[in-house]
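Structure record follows, encoded as structure tokens.
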2 protein chains.
Amino acid sequence: MDSSLRARTTKPVGRDGAEPRPADSPAKTSIDFGPLDQRVGYVLRRAQLAVFQDFFSRFEALDIRPAQYSILTVIERNAGLSQTRIADALGIKKTNLVAMIDALEARGLVRREATARDRRAHALSLTADGRLLMRKLHRISADHEQRIVERLGADVYAGLFAPLREIAAMMGDRDEG
Amino acid sequence: MDSSLRARTTKPVGRDGAEPRPADSPAKTSIDFGPLDQRVGYVLRRAQLAVFQDFFSRFEALDIRPAQYSILTVIERNAGLSQTRIADALGIKKTNLVAMIDALEARGLVRREATARDRRAHALSLTADGRLLMRKLHRISADHEQRIVERLGADVYAGLFAPLREIAAMMGDRDEG
DNA sequence: TATTGTTATACTCTATAACTATA
DNA sequence: TATAGTTATAGAGTATAACAATA
């Protein structure tokens, strides 16, 4: 760690929000976001909300939300998992997962079964209806994703994953849902 | 803690969640996320939550949340703005902005002033305390950002903004907060 | 003692309808 | 009529504390 860290091609992050706005861009009609537009967290949030909104509208007819899709996917790929394990994997508190599983079970998509090994735990799995629904959901999800790939171009799209995973990992990464 | 960083090479979007898992990666201990790890929305959400969590913990001592920081920043850079304009800019419903401004005003950070031009509207601005606090917040925000820059490298970092903005723009982009 | 699932609770964020006072 | 701010309300999402059954 020497001073070379400061000498980057990209200019160091501004110390405050005082980057001067060019005189030819009046704030009367267009709003100045100051440093927000140069913060990866802000841009990340805008992008994430936009993607989730599109996701949500595509899943709306099937009455499935993104969180439910992630739960169903993990159960589909890991049948027999306990609620605590699923909660940990998706970064959901087990206490909050209860009602979510309740809803999916009431709709006949998920099954809670007793296990012989640990009689406290529930082994979760998809019902036939659940598996059928997942086929539709995965198809919708892939269509949605394909639209992003086509918009960004395959290379730019593929290049997003590594840095985003690195950002998620460098912080706590206690949440994956 | 978890297996979030399983480095998959990104490949064309699968039609469903049925990409077979290699036989050498048992699901007993590590959880299979299926298509989730290859969905930009999922990775985006994980990254965004991680960044906000770090943000939140840095701002915690000053009792400021990310949404409050974005509101304060916009007011700081655009003094005199109405609540409706701020709400639109940040993608917050004006009805939900009321309580947020109430809290900031009660803490003496923001001022609501009557305007002669339109007696229905409030012109918002920061108080002296508000401006003082913002200096600290911008410094914290810049430190947080610098950590990400150093972790990713300046080029990778800089390359994130364009595709993320494009993703935000290609969908509705009704939310910018 | 520790853990699994659970209830109860609370706070934030988000969303809609309806009101008031202005325009 | 329409708009700015507001109130009331309701639904998700997320957080902690505490409990019964089981390990």
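A quick note: this is a predicted structure, and the numbers were derived from the prediction, not measured. In what follows, every chain begins at residue 1, and chains take the letters A, B, ... in the order their sequences are listed.
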Start at the 5' end of DNA chain D and walk down; is the nucleotide closest to A121(B) or to R117(A) reached first?
-> A121(B)
Select one nucleotide: of dA23(C), dT16(D), dT6(D), the one nearest the side-chain heavy atoms of H122(B).
-> dT6(D)
Is there a side-chain contact between F55(A) and R65(A) (heavy atoms, below 4.5 Å)?
-> no
Is any side-chain heavy atom of R46(A) less than 4.5 Å from a side-chain heavy atom of D37(A)?
-> yes
Sub-4.5 Å side-chain heavy-atom contact between I71(B) and I92(B) = yes
Identify all pairs in which a protein N or O lies below 3.5 Å from an N or O of nucleotides 7-10 of chain C, and state each distance.
unit_1, atom_1, unit_2, atom_2, d
dT7(C), O4, T95(A), OG1, 2.6
dA8(C), N6, T95(A), OG1, 3.2

Distance-only donor-acceptor test (3.5 Å): side chain R120(A), base dT3(C) | yes
Going from CZ on R135(B) to CD1 on I140(B), what distance comes out if it is rounded to the nearest 0.5 angstrom?
-> 13.5 Å
V110(A) and L126(A), any side-chain heavy atoms less than 4.5 Å apart = yes
Please determine if a side-chain N or O atom of R119(B) lies less than 4.0 Å away from the OP1 or OP2 oxygen of dA23(C).
-> yes
Give me, pair by pair, the N or O atoms of the protein and of nucleotides 11-13 of chain C that are less than 3.5 Å apart, along with how far apart they are.
none

Using a 4.5 Å cut-off on heavy atoms from C-beta on, say whether the side chain of Q146(B) contacts that of D143(B).
-> no
From the options dT6(C), dA15(C), dG5(D), select the nucleotide whose nearest atom is closest to the side chain of Q83(B).
-> dG5(D)
Taking side chain as C-beta onward, heavy atoms only, is H144(B) less than 4.5 Å from V51(B)?
-> yes
Can you find a side chain N or O atom of R85(B) that sits less than 4.0 Å from OP1 or OP2 on dG5(D)?
-> no
